[in-house]
*Asks:* 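Input: one structure, supplied below.
Everything numeric in this text was worked out from a predicted model, so none of it was measured. By convention in this document, chain letters (A, B, ...) are assigned in the order of the sequence lines, proteins followed by strands, and residues within each chain are numbered from 1.
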2 protein chains.
Amino acid sequence: MHKDGLPAELHDITNGPPLVFGHLKSSKSKKTLLCYSHYDVQPPEPIEEWTHGGPWSGALVDNIIYGRGATDNKGGLLAFNKAAKAFLKVRGEVPLNLKFFYEGEEEIGSVHLGPWVEKNKKLIEADGMHCLDGSVDSYAKVPEVELGLKSVLFVELIAKGGKKDIHSLNFPLVPSPPWDLIHALGTIMDRNRKILIKDWYEGLYVLGNEEIELINEKNSRINLDVLKKEFGINEFVLKREGAEAIKARTYEPTANIQGMISGYTGPGTKTIVPSEAKVRLDFRLLPHMNPQKCITKIKKHLVDHGFGHLEVKAFDSAEPPYKISIKEDISQAIIKAAIQVFGEKPVVNGVSAEGTILKHVWIPCVLTGFANSGANLHAPDENIHVENYIKG
Amino acid sequence: MHKDGLPAELHDITNGPPLVFGHLKSSKSKKTLLCYSHYDVQPPEPIEEWTHGGPWSGALVDNIIYGRGATDNKGGLLAFNKAAKAFLKVRGEVPLNLKFFYEGEEEIGSVHLGPWVEKNKKLIEADGMHCLDGSVDSYAKVPEVELGLKSVLFVELIAKGGKKDIHSLNFPLVPSPPWDLIHALGTIMDRNRKILIKDWYEGLYVLGNEEIELINEKNSRINLDVLKKEFGINEFVLKREGAEAIKARTYEPTANIQGMISGYTGPGTKTIVPSEAKVRLDFRLLPHMNPQKCITKIKKHLVDHGFGHLEVKAFDSAEPPYKISIKEDISQAIIKAAIQVFGEKPVVNGVSAEGTILKHVWIPCVLTGFANSGANLHAPDENIHVENYIKG
């Protein structure tokens with residue numbers, strides 16, 4: 001960054017890799033933009049599946065750069081820096097104050113970032129936060145602009161039975177961990193995807209005209225059949241279509257099962273009552289839903305329904321749910337910039353952005369990006385199209 | 001068998017190993033006993049866990065014979081033969097007609113036996129069938145006498161979603177195979193172990209005074225706390241105790257889950273909607289429940305409850321459920337013999353015996369045996385106590 005004429009210093013993060021922070025001031029504007037990115041990447045394995053010189057080669061082939069981090073998120077980080085450098089070189093200064101904020105643990109949930117942010121609230125104050133960790137909409141071919149974030153609450157439920165698997169002739173006498181989980185889960189969500197935990201939707205974000213308009217606009221611009229084809233399904237669940245489907249995807253609190261396991265799962269049969277059953281869920285929360293309160297509600301629900309004996313492991317992600325308005329300055333600025341570069345309006349969404357910061361400091365935050373479809377984020381042959389990179 | 005002076009000939013079984021059949025006649029009795037055993041065994045692996053010379057050594061150590069089949073069921077087979085030989089040697093003849101029936105596929109469900117039995121009904125007709133493939137009760141230390149058999153219906157349910165795992169942000173749009181199974185299973189059995197499939201208990205065997213007396217007698221002789229300790233549980237399910245627990249174990253049709261699997265089950269979390277979920281159940285059926293009709297009832301139940309899209313793999317075991325009375329001659333004879341040898345009454349149960357034969361020929365059948373506890377049936381170091389072998 002110093003080579004590019006940008007201010008930057010390392011800040012120690014207790015038990016974590018250092019934070020890169022720099023403040024580039026402008027004489028022309030009182031507005032400050034916090035530029036968030038992360039310099040860490042996902043593990044490159046399986047290495048043997050990379051072509052073009054491997055994950056660290058940075059090979060440029062047919063105007064596509066290959067390498068771990070090309071898109072997520074070293075590409076976005078460099079785009080911030082190079083844009084600032086260009087402004088400095090051509091116009092002498094950037095037309096607003098920039099705070100560079102580059103962390104090193106995003107991929108593992110920014111686990112050590114909180115205390116530093118709490119201590120340095122003043123330092124990072126800004127009028128808007130922008131994160132270049134997003135994608136270009138694969139259908140409309142314009143950037144997606146995300147104006148909010150669902151957060152994730154991970155919950156593992158474990159049922160236990162005998163000290164080991166028991167011959168299933170004894171089923172009438174012994175607890176059945178898989179049945180225990182099935183009956184417990186049956187009280188948690190119904191077949192219409194309604195979560196049955198008491199007060200789960202308490203204070204839920206209510207959509208205004210603004211959001212409804214954005215949903216309808218998005219619906220008029222994208223083709224959901226492409227999404228069905230990508231998923232390999234003929235219709236969406238509950239026969240959702242069009243604006244209803246977009247609304248559900250963006251604004252519905254969910255209780256997804258990531259996986260479950262119990263007993264014998266190999267070929268053939270095994271007449272046992274399993275000694276244990278496990279299920280792991282991710283609950284997506286919307287703005288105004290408090291993760292810690294939700295954990296309490298789940299535990300109380302299980303006790304109230306006679307499942308107090310189940311073991312509950314719950315932890316909320318580092319990111320709180322939030323939502324900002326399209327009317328915020330930062331929202332409007334990003335949309336204008338995208339129109340300027342891509343020639344048409346971006347697709348504006350209501351979900352996703354980085355956010356440990358937002359637990360401590362309220363900064364309206366927008367996430368966007370230029371990851372092409374097929375960018376292989378977190379997978380071998382991660383890449384970025386040079387054209388997209390320049391536009392970004 | 002010829003060396004022991006017993007008649008025996010090989011009968012070809014289409015696609016299966018031959019059957020050994022011999023008819024030893026008596027001038028003193030018109031009664032005929034069919035002596036059923038099997039000469040096949042379970043695979044001996046893991047070989048390295050066997051001590052005393054390995055699975056085929058037949059090592060005799062401290063009056064215990066070690067070897068695959070020592071108990072299950074070569075031990076029982078030889079006991080039949082040697083008892084007959086002893087009668088021939090000491091008294092000149094056996095006091096009833098014996099039909100030896102030794103098959104070679106019991107351990108894989110007697111899969112090729114049916115057609116031979118169907119063609120040879122006349123040949124194997126008998127007043128009673130006895131099978132020495134059972135155990136000594138591990139608590140009362142006397143043989144268990146089994147007067148009937150629950151049969152097993154294996155059912156696998158498979159739910160499918162997208163063509164591959166899908167990012168869980170899309171949960172509001174895509175089918176969730178694990179939730180699909182959970183909701184389907186919730187309609188199959190309630191928390192009190194009642195099976196909710198229409199007419200499931202149709203024509204169910206009704207207990208008479210005879211069975212209730214046997215349950216009460218068994219309850220007065222065995223200590224169920226030993227069973228709880230063995231299972232590693234503090235109490236039986238639904239707080240069952242004493243005669244109620246024995247009755248449930250013996251006479252309750254069940255819907256046990258052997259195993260289930262879906263999605264990601266490794267450490268940490270993975271925000272996916274799994275593309276598939278599987279569960280495998282064994283339904284134990286009581287006498288008068290028809291396995292084929294039960295499969296039809298399950299499939300209809302799923303369709304009626306909106307789960308017709310689930311894949312159902314169902315097959316009934318080779319053994320039909322049956323039940324005989326303690327008043328049958330064969331029941332009384334076995335009980336008398338056990339009292340003579342063990343000095344007290346055996347524990348009389350209502351379940352289990354070999355039975356492809358019973359699909360084709362009705363012969364009252366009793367299963368008993370002398371397998372000591374710790375006999376390691378189907379496991380390494382299978383063994384039999386010489387004392388038990390002699391008594392048997």
Side-chain angles (χ1 to χ4, degrees), chain A residues 150 152 154 161-164 166 168-176 178-179 181-183 185-186 189-191 193 227-228 231-233 236-237 240 245 248-250 252 254-266 269-275 277-280 282 284 306 351-352, chain B residues 150 152 154 161-164 166 168-176 178-179 181-183 185-186 189-191 193 224 227 231-233 236-237 240 245 248-250 252 254-266 269-275 277-280 282 284 306 351-352:
Chain A
K150 278 183 186 176
V152 192
F154 295 104
K163 65 183 171 188
K164 55 186 178 181
I166 294 169
S168 68
L169 262 180
N170 299 298
F171 180 81
L173 299 186
V174 300
S176 164
W179 272 117
L181 275 195
I182 283 158
H183 288 131
L185 288 163
M189 191 189 84
D190 73 14
R191 291 173 69 179
R193 303 279 174 114
L227 208 55
K228 287 177 199 162
F231 295 155
I233 55 179
F236 292 139
V237 80
R240 284 168 169 166
R249 184 177 183 278
T250 311
E252 189 170 84
T254 58
N256 173 58
I257 293 178
Q258 302 180 353
M260 59 181 187
I261 190 163
S262 180
Y264 179 72
T265 58
T269 61
K270 197 170 182 186
T271 46
I272 52 161
V273 182
S275 62
K278 286 184 186 186
V279 65
R280 210 177 290 131
D282 55 79
R284 302 260 166 185
V351 291
S352 204
Chain B
K150 278 183 186 176
V152 191
F154 295 104
K163 67 184 172 189
K164 56 185 177 180
I166 295 169
S168 67
L169 263 179
N170 299 298
F171 180 81
L173 299 185
V174 300
S176 165
W179 273 116
L181 274 195
I182 284 158
H183 288 130
L185 289 164
M189 190 188 84
D190 72 13
R191 290 172 70 180
R193 305 279 175 113
L224 287 171
L227 208 56
F231 294 156
I233 56 179
F236 292 139
V237 81
R240 285 167 169 168
R249 184 177 183 279
T250 310
E252 189 171 83
T254 57
N256 173 58
I257 294 177
Q258 303 179 352
M260 60 181 186
I261 188 163
S262 180
Y264 179 73
T265 57
T269 62
K270 197 170 184 186
T271 46
I272 52 160
V273 182
S275 61
K278 285 184 186 187
V279 66
R280 210 177 290 132
D282 55 80
R284 302 260 164 184
V351 292
S352 203

*Asks:* As a quick check of understanding, evaluate side chain to side chain contact (heavy atoms under 4.5 Å, CB included) for A/L173 and B/L227, giving each step before the final call.
*Replies:* CA-CA 10 Å; A/L173 299 186; B/L227 208 56; 3.9 Å; yes
*Asks:* Among A/R191, A/K228, A/K278, who wins on heavy-atom pairs under 4.5 Å with chain B?
*Replies:* A/R191
*Asks:* For A/R284, is it the side chain, the backbone, both or neither that has a heavy atom under 4.5 Å from a heavy atom of chain B?
*Replies:* side chain
*Asks:* When only pairs under 4.5 Å are counted, which of B/S275, B/A255, B/A277 shares the most heavy-atom pairs with chain A?
*Replies:*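 Ranked by contacts with chain A, first place is B/A255.
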*Asks:* Non-hydrogen atoms of chain B under 4.5 Å away: do they reach the side chain of A/I257, the backbone, both or neither?
*Replies:* both
*Asks:* Can you name the nearest heavy-atom pair linking A/P274 to B/G259, along with the distance?
*Replies:* CG-N, 4.5 Å
*Asks:* Which one of B/R240, B/R193, B/K164 has the most heavy-atom pairs closer than 4.5 Å to chain A?
*Replies:* B/R193
*Asks:* Output yes when a side-chain donor or acceptor of A/W179 lies under 3.5 Å from a complementary backbone atom of B/D190, and no otherwise.
*Replies:*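 It does not hold such a pair.
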*Asks:* Identify whether NZ of Lys or CZ of Arg in A/R249 sits under 6.0 Å from the centre of the six-membered ring of B/F171 and within 45° of that ring's axis.
*Replies:*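 No, A/R249 does not lie over the aromatic ring of B/F171.
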*Asks:* I need the residue from A/N256, A/L185, A/T265 with the largest number of non-hydrogen atom pairs under 4.5 Å to chain B.
*Replies:* A/N256
*Asks:* In Å and rounded to the nearest 0.5 Å, what is the CE to CD1 distance from B/M189 to A/I182?
*Replies:*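 The CD1 atom of A/I182 is 8.5 Å from CE of B/M189, to the nearest 0.5 Å.
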*Asks:* Between B/L224, B/V273, B/V279, who has the most heavy-atom pairs with chain A when the cutoff is under 4.5 Å?
*Replies:*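 Of B/L224, B/V273, B/V279, B/V273 has the most heavy-atom pairs under 4.5 Å with chain A.
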*Asks:* Which value, rounded to the nearest 0.5 Å, describes the distance between B/I166 atom CD1 and A/F231 atom CZ?
*Replies:*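 If we round to the nearest 0.5 Å, B/I166:CD1 and A/F231:CZ are 5.0 Å apart.
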*Asks:* Answer with yes or no whether the side chains of A/S168 and B/D282 bring together a donor and an acceptor at under 3.5 Å.
*Replies:*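 A/S168 and B/D282 do have a side-chain donor-acceptor pair below 3.5 Å.
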*Asks:* Check whether any side-chain heavy atom of B/P172 lies under 4.5 Å from a side-chain heavy atom of A/V237, and answer yes or no.
*Replies:*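 The answer is no, as the side chains (C-beta and beyond) never meet within the 4.5 Å cut-off.
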*Asks:* Which bit of A/I233 comes within less than 4.5 Å of chain B, counting heavy atoms only: side chain, backbone, both or neither?
*Replies:* side chain
*Asks:* With chain A, which of B/P178, B/G186, B/A248, B/G162 has the greatest number of heavy-atom pairs at distances under 4.5 Å?
*Replies:*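 Highest number of heavy-atom pairs under 4.5 Å: B/P178.
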*Asks:* Roughly how far apart are B/R280 CZ and A/T271 OG1, rounded to 0.5 Å?
*Replies:*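 These two atoms lie 11.5 Å from each other.
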*Asks:* Evaluate the side-chain proximity of A/Q258 to B/S262: yes if any heavy-atom separation is below 4.5 Å, no if none is.
*Replies:*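 The answer is no; the side chains never approach within 4.5 Å.
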*Asks:* Side chain to side chain contact (heavy atoms under 4.5 Å, CB included) for A/M260 and B/I261? Distances and angles first, verdict last.
*Replies:* CA-CA 6 Å; A/M260 59 181 187; B/I261 188 163; over 6 Å; no
